[in-house]
Amino acid sequence: MPGFVLLMRPRDDGDATMRIGFTVTKKIGNAVVRNRMKRRLRALAREVLPERGVAGADHVLIGRNGGIERDYALLRTELGKAFRKVTPQAAANTSAHTTTPAEAGDQVGKQP
């Protein structure tokens, strides 16, 4: 189980600003532990959000139990996976153009 949950919702208001929110419940621990978890989530967001975030969307990171003990590099990897899950169309648009089977058939048919 990952150390957090990522929620993303496009605002569709014409503003390209990316917004981020953080939540850690009392179930995680006392105020010291919750604040430490929020600091880790903020650091992750500063590092990953500019390159992976969706413009014009609200992003929310919800801290989970065990996230505070997790290695920071592992949390960064999990956040990258989470962004790929919530934005599959954005990942497809940024990848190189791949030839579809129909295009491949057209190319084969044109060869002498």
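Side chains are part of it too, since the values below use all heavy atoms of this structure and drop only hydrogens, waters and symmetry mates.
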Q.
Atom CZ of residue position R64 - does it have more than 12 heavy atoms of other residues, nucleotides or ligands inside 6.0 Å?
A.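 Count not over threshold, so no.
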Could you tell me whether the side chain of [X] and the main chain of [Y] form a donor-acceptor pair under 3.5 Å?
X   : Y   : result
R52 : F83 : no
R11 : T17 : yes
N30 : V33 : yes
H59 : A45 : no

Only residue of L6, I20, L7 satisfying side chain to side chain contact (heavy atoms under 4.5 Å, CB included) with V60 is L7
The reported gap from OG1 in T23 to CE in M37 (rounded to nearest 0.5 angstrom) is 11.0 Å
ask   = Once you round to the nearest 0.5 Å, how far does CG of L41 lie from CG of L75?
value =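 Here the rounded value is 7.5 Å.
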Would M8 end up clustered with L49 when hydrophobic side chains under 4.5 Å apart are linked, directly or stepwise?
yes
ask   = Does I62 belong to the same Ile/Leu/Val/Met/Phe/Trp/Tyr cluster as L44, with side-chain heavy atoms less than 4.5 Å apart forming each link?
value = no
State, to 0.1 Å, how close I68 and R40 come at their nearest heavy-atom pair, and which atoms those are.
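The pair with the smallest heavy-atom distance is O-NH1, 2.7 Å.
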**Request:** Quick one: closest heavy-atom pair of F4 and L61, and the distance?
**Result:**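 It is CD1-CD2, 3.6 Å.
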Excluding sequence neighbours, so at least two apart, what forms side-chain hydrogen bond (donor to acceptor under 3.5 Å, both in side chains) with R39?
->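 Here no residue qualifies.
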